[in-house]
Amino acid sequence: MLRSLLLYLSDAAWARSLITRFPFARRTAMRFVAGERVEDAIAAIGALQARGIHATLDHLGESVTNEAEALRAAEDYVHALDKIAASGVGANISIKLTQLGLDLGQEFCLGNVRCLAEKANITGNFVRIDMEGTPHLERTLTVFRALRQDFENVGLVVQAYLYRTEADLLALTVGSHPARLRLCKGAYNELPDLAFPRKTDVDANFVKLTRLLFERARALPPTQAAASGNGRVPPLPAIATHDEKMIAAAVASAAELGLPRDRFEFQMLYGIRRERQEQLAAEDYAVRVYVPYGTQWYPYFVRRLAERPANLWFFVSNLFKR
Ligand code: FDA
């Protein structure tokens with residue numbers, strides 16, 4: 001119930017306007033956000049790189065309601081791709097289609113993402129499309145499929161909490177040019193007719209889908225399934241979780257299938273389980289951290305609170321600090 005309430009708040013304009021007025025809220029959110037400027041994010045990525053960890057850069061923002069804002073978001077990402085190239089770090093970008101105008105028109109959004117894919121192509125980079133709530137799922141798949149006709153360097157996220165994801169995953173990875181997918185549990189408020197309501201079922205599906213992704217990765221020649229040398233294009237599957245049981249299941253599955261450690265990657269969020277990130281990297285697993293930056297931190301931050309009550313207590317305890 002607490003999770004549903006927080007997910008509702010993450011999307012509520014009145015709650016955003018109220019909570020973002022308090023300096024302690026911003027201060028607490030900065031535990032999960034690298035800063036407000038792209039330079040802050042690049043510095044955080046440099047520090048991760050020094051520890052053998054790659055990154056994916058997220059310029060925070062979603063659900064934009066006017067074209068100028070969506071175009072500005074696309075320009076900011078082009079600028080970020082230039083910054084990544086100039087600094088030489090092993091980072092790609094993660095984008096949300098509602099930040100790039102999906103609610104304003106599919107073709108308009110596709111045009112914006114196309115610009116990013118082109119820029120990424122030129123700079124040896126990769127664009128990951130995050131998956132948002134189910135009202136955007138079909139349109140996200142349509143935009144992704146359209147892009148994939150022209151670009152190899154785009155990937156998508158799939159969510160283990162949805163009943164339909166197994167079928168989507170199989171369709172997206174069929175053939176000789178399977179999509180590079182990030183598997184996560186799913187972070188939005190979904191109805192029980194679309195998503196497993198029980199965590200145990202989500203977890204079981206996550207383990208099953210991890211194995212399917214690994215089987216697909218193993219069937220491909222390394223040149224096609226592996227990461228690029230500059231650390232920007234990820235290997236075919238990415239397993240995004242902080243859950244020790246999911247990590248252990250992925251490790252066991254890869255070992256059983258004989259899938260080498262550099263043919264998939266673990267992904268975690270900035271500021272969460274830092275020691276575990278380092279430990280996996282030290283064990284020669286590929287690790288990538290999702291590094292968000294920007295001023296639009298409210299919905300991202302509240303979704304993090306919904307995921308883990310301990311994060312909520314951290315937030316509440318900050319209330320009483322100066
Ligand atoms: P979950 O929240 O189920 O927690 C399980 C266990 O993990 C906990 O009981 C605890 O043991 C451990 N754990 C979790 N947080 C911890 C912490 N801070 N410290 C210690 N232990 C902790 N979602 C989405 O819908 N679309 C998307 O595009 C993305 N993209 C994305 C990218 C990346 C890189 C990540 C890591 C996640 C996403 N997500 C996402 C979010 C995802 O769907 C999910 O909501 C969160 O990752 C939380 O689920 P977990 O699998 O981490 O474990």
- Results of side-chain contact (heavy atoms from CB on, under 4.5 Å) for Asp201 - residues two or more places apart only: Phe196, Arg198
- Message: Please check: side-chain N/O of Asn153 versus main-chain N/O of Asn125, any donor-acceptor pairing under 3.5 Å?
- Response: yes
- Tell me, please, which residues at least two apart from Ser228 pass side-chain hydrogen bond (donor to acceptor under 3.5 Å, both in side chains). Asn230
- Query: Is a side-chain N or O of Tyr163 found less than 3.5 angstrom from the main chain of Ala195, in a donor-acceptor match?
  - Reply: yes
- Item | Evaluation steps, side-chain contact (heavy atoms from CB on, under 4.5 Å), between Leu209 and Glu166 | CA-CA 7 Å; Leu209 300 181; Glu166 181 174 350; 3.8 Å; yes
- Between Tyr8 and Asn189, do the side chains contain an N or O donor and an N or O acceptor separated by less than 3.5 Å? no
- Message: Set out, in order, the CA-CA distance, both residues' side-chain angles and the distance that settles side-chain contact (heavy atoms from CB on, under 4.5 Å) for Leu110 and Thr142, then state yes or no.
- Response: CA-CA 9 Å; Leu110 179 59; Thr142 306; over 6 Å; no
- Looking at residues at least two apart in the chain, or sitting in another chain, which of them share a side-chain hydrogen bond (donor to acceptor under 3.5 Å, both in side chains) with Thr56? Asn92, Ser94
- Not counting sequence neighbours, which residues clear salt bridge (charged side-chain N to carboxylate O under 4.0 Å, His left out) with Arg182? List them please. Asp130
- Task: Just jot down the salt bridge (charged side-chain N to carboxylate O under 4.0 Å, His left out) partners of Arg273, sequence neighbours excluded, or say none.
- Result: Glu244
- How close do Phe144 and Ile129 get, heavy atom to heavy atom, and via which atoms? CD1-CD1, 4.2 Å
- Which atoms form the tightest heavy-atom contact between Arg232 and Ala91, and what is the distance? CG-O, 3.4 Å
- Query: Where does the angle between the aromatic ring planes of His59 and Tyr293 fall among parallel (under 30°), tilted (30 to 60°) and perpendicular (over 60°)?
  - Reply: parallel
- Would you say the side-chain atoms of Arg21 pair up with the backbone N or O of Ser17, donor to acceptor, closer than 3.5 Å? yes
- Are the charged groups of Arg218 and Glu215 less than 4.0 angstrom apart, N to O? no
- Any side chain to side chain donor-acceptor pair (under 3.5 Å) pairs touching residues 61-74, not counting sequence neighbours? Glu62-Arg303, Asn66-Glu69
- Message: Students often mix this up, so state it plainly: with edges at 30° and 60°, are the rings of Phe24 and Phe22 parallel, tilted or perpendicular?
- Response: tilted
- Item | Members besides Leu236 in its Ile/Leu/Val/Met/Phe/Trp/Tyr cluster (side-chain heavy atoms under 4.5 Å) | Leu220
- Query: If only atom types and distance count, is the side chain of Glu132 paired as donor or acceptor with the main-chain N or O of Leu97 below 3.5 Å?
  - Reply: yes
- Quick one: closest heavy-atom pair of Gln267 and Ala238, and the distance? NE2-CB, 3.5 Å
- Task: Check whether any side-chain N or O of Tyr161 sits under 3.5 Å from a backbone N or O of Leu194 as a donor-acceptor pair, and report yes or no.
- Result: no
- Shortest non-hydrogen contact from Ala80 toward Leu57: CB-CD2, 3.7 Å
- Message: Test your reading of the model: is there a side-chain donor-acceptor pair from Arg261 to the backbone of Asp284, 3.5 Å cut-off?
- Response: no
- Contacts of Asp103 meeting side-chain contact (heavy atoms from CB on, under 4.5 Å) (sequence neighbours excluded), chain-then-number -> Thr98, His136, Arg139
- Query: Just by distance, do the side chain of Ser10 and the backbone of Leu7 share a donor-acceptor pair under 3.5 Å?
  - Reply: yes
- Message: Please report whether the ring centroid of Tyr300 lies less than 6.0 Å from that of Phe32.
- Response: no
- Message: Please confirm whether the ring centroid of Phe264 lies under 6.0 Å from the ring centroid of Phe266.
- Response: yes
- Query: Is Arg164 salt-bridged to Glu138, cutoff N-O under 4.0 Å?
  - Reply: yes
- Message: If the condition is salt bridge (charged side-chain N to carboxylate O under 4.0 Å, His left out), which residues does Lys119 pass it with, not counting sequence neighbours?
- Response: Asp82
- Is the shortest side-chain N to carboxylate O distance from Asp11 to Arg16 below 4.0 Å? no
- Asn112 side chain to Ala74 main-chain N or O, any donor-acceptor pair under 3.5 Å? no
- Query: Hydrophobic cluster mates of Leu191, side-chain heavy atoms under 4.5 angstrom, ILVMFWY only, any path?
  - Reply: none
- Task: For Gly101 and Ala70, work out which heavy atoms get closest and say how close.
- Result: N-CB, 3.7 Å
- Message: In the structure I gave you, are the side-chain heavy atoms of Arg308 and Ile272 within less than 4.5 Å of one another anywhere?
- Response: no
- Using a 4.5 Å side-chain heavy-atom cut-off and chaining through intermediate ILVMFWY residues, the residues clustered with Leu71 come out as Val64, Leu104, Phe108
- Message: Once salt bridge (charged side-chain N to carboxylate O under 4.0 Å, His left out) is applied, do any residues pair with Asp150, and if so which ones, sequence neighbours excluded?
- Response: Arg114
- Task: Examine distances only and state if a side-chain atom of Thr173 and a backbone atom of Pro178 form a donor-acceptor pair shorter than 3.5 Å.
- Result: no
- Indicate whether the side chain of Gln277 and that of Arg274 have a donor and an acceptor atom separated by less than 3.5 Å. no
